[in-house]
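In what follows, a structure is listed as structure tokens, so that the remarks can point back to it.
All values reported here derive from a predicted model rather than from experimental measurement.
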Amino acid sequence: VQLQASGGGLVQAGGPLRLSCAASGRARGSYVMGWFRQAPGKEREFVARIGATNSRTYYSDSMKGRFTISRDNAKSTVYLQMNNLQPEDTAVYYCAADLNWGGTHPDDYKHWGQGTLVTVSS
């Protein structure tokens, strides 16, 4: 499966932004999809994941309540709605895919998109 993330940009603190991740390739609807982020000088951090068929979701505790992951299998797209963004949310956001549920570490995901930069100004 190939992944293409988009939707990043510059936003003021407190504002919203929605990221998209378009999937292509065989069996793309069968993958668990996740979002990660990586701030400058920091390790890649788990944000959220969503199941393939039942759309079960799981969030990092620090993102729960502000971020919402969803998917539209008809469009082969996963979204990350981010609200009340803060400067510490500034990072490159990556979407990832794997056939297995349960991963919160980057090594748990086999397929990766190229990343989209989110910059939050204070």
Side-chain angles (χ1 to χ4, degrees):
V1 65
Q2 293 79 45
L3 305 174
Q4 179 75 36
S6 62
L10 176 64
V11 61
Q12 288 188 336
L17 201 63
R18 188 178 80 159
L19 306 181
S20 300
C21 176
S24 60
R26 294 183 61 184
R28 55 191 179 274
S30 302
Y31 286 83
V32 175
M33 300 294 294
W35 284 99
F36 287 76
R37 69 184 187 183
Q38 189 164 18
K42 295 188 176 181
E43 294 185 350
R44 196 165 295 191
E45 175 185 28
F46 172 77
V47 175
R49 67 172 182 256
I50 187 166
T53 54
N54 59 10
S55 292
R56 176 185 175 188
T57 58
Y58 181 80
Y59 296 89
S60 166
D61 285 343
S62 61
M63 265 65 95
K64 194 179 300 182
R66 293 193 302 127
F67 292 6
T68 302
I69 189 171
S70 62
R71 70 190 296 162
D72 183 340
N73 282 339
K75 296 181 178 180
S76 301
T77 301
V78 174
Y79 304 97
L80 184 69
Q81 176 67 43
M82 304 183 293
N83 296 325
N84 191 23
L85 283 163
Q86 300 301 316
E88 53 266 32
D89 295 315
T90 295
V92 176
Y93 284 72
Y94 298 90
C95 59
D98 199 83
L99 291 173
N100 299 306
W101 175 260
T104 59
H105 191 275
D107 291 345
D108 296 325
Y109 291 79
K110 184 176 181 179
H111 306 279
W112 290 85
Q114 85 290 0
T116 185
L117 175 62
V118 173
T119 304
V120 185
S121 63
S122 57

Provide the closest heavy-atom pair for [X] versus [Y] in the form atom of the first, atom of the second, distance.
X      : Y      : value
Asn100 : Asp98  : N-OD2, 3.0 Å
Arg71  : Ile50  : NH1-O, 3.6 Å
Ala97  : Val1   : CB-CG1, 4.1 Å
Asp108 : Gly103 : OD2-CA, 3.2 Å
Leu85  : Pro16  : CD1-C, 4.1 Å
Tyr58  : Thr104 : CE2-CG2, 3.8 Å

From [X] [atom1] over to [Y] [atom2], what is the distance, rounded to the nearest 0.5 angstrom?
X     : Y     : atom1 : atom2 : result
Phe67 : Leu19 : CZ    : CG    : 8.5 Å
Asn83 : Arg18 : CG    : CZ    : 11.5 Å
Met82 : Asp89 : CE    : CG    : 7.5 Å
Gln4  : Ser76 : CD    : OG    : 14.0 Å

- Item | Residue pair Val11, Thr119: steps toward the side-chain contact (heavy atoms from CB on, under 4.5 Å) verdict | CA-CA 6 Å; Val11 61; Thr119 304; over 6 Å; no

- Task: Return each pair, listed once, that meets disulfide (SG to SG under 2.5 Å) where at least one residue sits in residues 5-109; pairs must be two or more places apart or across chains.
- Result: Cys21-Cys95

- Message: By the disulfide (SG to SG under 2.5 Å) test, which pairs, at least two apart or in different chains, include something from residues 31-62?
- Response: none

Is there a donor-acceptor contact under 3.5 Å from the side chain of [X] to the main chain of [Y]?
X      : Y     : value
Arg66  : Asn84 : yes
Gln114 : Ala5  : yes
Thr90  : Glu88 : no
Thr116 : Gly8  : yes
Tyr79  : Thr68 : no

- Show your reasoning for whether side-chain hydrogen bond (donor to acceptor under 3.5 Å, both in side chains) applies to Arg37 and Tyr93. CA-CA 4 Å; Arg37 69 184 187 183; Tyr93 284 72; 3.0 Å; yes

- Message: Is there a side-chain contact (heavy atoms from CB on, under 4.5 Å) between Val47 and Ser60? Walk through the geometry before answering.
- Response: CA-CA 5 Å; Val47 175; Ser60 166; 5.7 Å; no

- Task: Please check if Val78 and Met63 belong to a single hydrophobic cluster, counting links between Ile, Leu, Val, Met, Phe, Trp and Tyr side chain heavy atoms closer than 4.5 Å.
- Result: yes

- Message: Hydrophobic clustering (ILVMFWY, side-chain heavy atoms < 4.5 Å, transitive) - are Tyr59 and Trp35 grouped together?
- Response: yes

- Of Glu43, Glu45, Arg44, the one forming a side-chain hydrogen bond (donor to acceptor under 3.5 Å, both in side chains) with Gln38 is Arg44

- Which ring-ring contact (aromatic ring centres under 6.0 Å, His included) pairs, counting each pair once, include a residue from residues 99-122, with sequence neighbours left out? Tyr31-His111, Phe36-Tyr109, Phe36-Trp112

